[in-house]
Amino acid sequence: MIMETIITSRAADGTTHIAPMGVRNRQGLILLSPFKPSRSLDNMCREGSAIINYTDDVRVFAGCLTGHRDWPLYPAVKVCGKRLENCLSHVELQLEHIRDDEQRPELLFRPIYEETHAPFRGFNRAQSAVIEAAVLVSRLHMLPREKIETEIDYLKIAIEKTAGPREQLAWGWLLQRISNFYAAQAEERLA
Ligand SMILES: Cc1cc2nc3c(=O)[nH]c(=O)nc-3n(C[C@H](O)[C@H](O)[C@H](O)COP(=O)(O)O)c2cc1C
């Protein structure tokens with residue numbers, strides 16, 4: 001099973017890099033597999049640590065893909081780095097093993113500290129729709145336009161029926177990103 005989370009990692013200049021990433025449990029250890037090139041990968045290998053942020057604020061997922069990365073942060077307890085201040089819970093990770101690969105290395109981490117900050121209040125379909133749309137946006141350059149548009153049309157139903165203000169804002173950012181991407185492609189074709 002893969003859980004979609006926000007990974008925070010410490011950049012060389014001490015700032016915090018924020019990126020959505022899937023995490024898998026491997027007998028008590030945590031497996032991350034970032035595609036190269038990746039700033040998260042560079043940071044995690046250099047620092048030997050990372051932080052999993054579990055959040056239901058889908059603006060953070062959509063924001064990472066649309067240039068909105070300015071989320072409140074709070075210092076971690078055991079690793080040198082910061083977590084999302086408003087996450088539901090977070091897990092601090094220490095790097096144990098790297099299996100390098102030209103395309104997608106695997107990083108195995110040991111959880112060394114975990115804290116819960118707020119309760120989980122249930123599933124919301126619009127949140128899932130935003131996560132799915134964010135994945136599509138992260139693959140705009142790889143997927144056919146027709147697939148993107150068909151899937152967005154379907155996901156829109158959950159947004160219209162169940163979204164709150166956060167989900168609506170995140171959805172708007174993603175739709176804008178998709179339309180900018182195809183507008184830039186059309187301009188390139190004309191040039
Ligand atoms: C829900 C979600 C899950 C993602 N999971 C991964 C992942 O497991 N590995 C990966 O390389 N990118 C993943 N991505 C895409 C990255 O977040 C995105 O490409 C990001 O920019 C990673 O590059 P960076 O480390 O340089 O920021 C995911 C995106 C979304 C929206």
Side-chain angles (χ1 to χ4, degrees), residues 1-26 29-71 73 79 81-84 87-88 90-91 93 95 97-109 111 123-143 147-148 151-152 154-156 158-159 163 166-167 169-178 180-181:
M1 183 163 74
I2 301 181
M3 302 305 289
E4 305 303 352
T5 72
I6 298 293
I7 297 294
T8 45
S9 58
R10 189 176 183 275
D13 63 1
T15 58
T16 303
H17 183 66
I18 306 178
M21 216 156 270
V23 310
R24 277 176 282 186
N25 198 309
R26 285 281 181 274
L29 299 182
I30 299 289
L31 182 69
L32 294 184
S33 34
F35 284 100
K36 284 182 179 174
S38 156
R39 286 171 63 192
S40 308
L41 173 65
D42 297 344
N43 292 343
M44 295 188 293
C45 290
R46 190 190 53 255
E47 300 290 324
S49 63
I51 300 169
I52 304 176
N53 298 264
Y54 293 105
T55 180
D56 58 1
D57 186 347
V58 292
R59 294 175 306 173
V60 185
F61 288 84
C64 285
L65 296 154
T66 57
H68 303 86
R69 285 178 184 262
D70 197 13
W71 304 106
L73 299 167
V79 302
K82 291 186 178 169
R83 63 167 172 91
L84 293 176
C87 60
L88 298 179
H90 84 279
V91 182
L93 304 174
L95 184 58
H97 182 73
I98 304 173
R99 194 188 60 75
D100 203 9
D101 182 82
E102 266 182 33
Q103 222 183 2
R104 197 172 194 189
E106 290 190 334
L107 276 65
L108 207 53
F109 290 91
F123 296 105
N124 169 255
R125 289 177 57 204
Q127 289 170 353
S128 306
V130 169
I131 301 291
E132 286 304 315
V135 171
L136 291 174
V137 165
S138 75
R139 297 178 183 166
L140 275 179
H141 53 293
M142 295 191 276
L143 295 175
K147 180 176 167 66
I148 299 277
E151 297 209 6
I152 290 292
Y154 174 70
L155 294 170
K156 194 166 68 184
I159 298 291
R166 286 176 173 185
E167 291 73 29
L169 184 63
W171 184 252
W173 289 342
L174 293 170
L175 290 193
Q176 187 65 55
R177 171 81 185 96
I178 294 171
N180 290 349
F181 178 82

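Atoms within each ligand, like the ligands themselves, are counted from 1 in listed order. Since the structure is predicted, the reported quantities are computational estimates derived from the model, not experimental observations.
Among R99, H97, R24, the one residue that satisfies the side-chain contact (heavy atoms from CB on, under 4.5 Å) test with L108 is H97.
Among all non-hydrogen protein atoms, the one lying nearest atom 9 (N) of ligand 1 is S33 O, 3.2 Å. Protein heavy atom closest to atom 23 (O) of ligand 1, with residue, atom name and distance, is S38 OG, 4.1 Å. Regarding atom 26 (O) of ligand 1, its nearest protein heavy-atom neighbour is R39 N, 2.7 Å. When only non-hydrogen protein atoms are considered, atom 11 (O) of ligand 1 lies nearest to F35 N, 2.7 Å. Nearest protein neighbour of atom 7 (C) of ligand 1, counting heavy atoms only, is M21 CG, 3.4 Å. The closest protein non-hydrogen atom to atom 8 (O) of ligand 1 is G22 N, 3.1 Å.
Distances from atom 27 (O) of ligand 1 to the heavy atoms of H17, E4, K36, E132 put H17 nearest.
In this structure, atom 18 (C) of ligand 1 has its sub-4.0 angstrom surroundings free of protein heavy atoms. For atom 21 (O) of ligand 1, no protein heavy-atom neighbour is present inside the 4.0 Å cut-off.
Atom CZ of R104 sits in a crowded spot, with more than 12 heavy atoms from other residues, nucleotides or ligands closer than 6.0 Å. K147 NZ: 12 or fewer foreign heavy atoms inside a 6.0 Å radius. The 12-atom threshold is exceeded at CZ of R69, counting heavy atoms of other residues, nucleotides or ligands nearer than 6.0 Å.
Under 4.0 angstrom from ligand 1, there are no non-hydrogen atoms of L32.
Within ligand 1, the atoms closer than 4.0 Å to a non-hydrogen atom of A19 are 27 (O), numbered from 1 in the order shown.
In terms of heavy-atom proximity, L107 sits nearest to C45 at CD2-SG, 4.2 Å.
Ligand 1 has a nitrogen or oxygen under 3.5 angstrom from a nitrogen or oxygen of P20.
Not a single heavy atom of I2 lies less than 4.0 angstrom from ligand 1.
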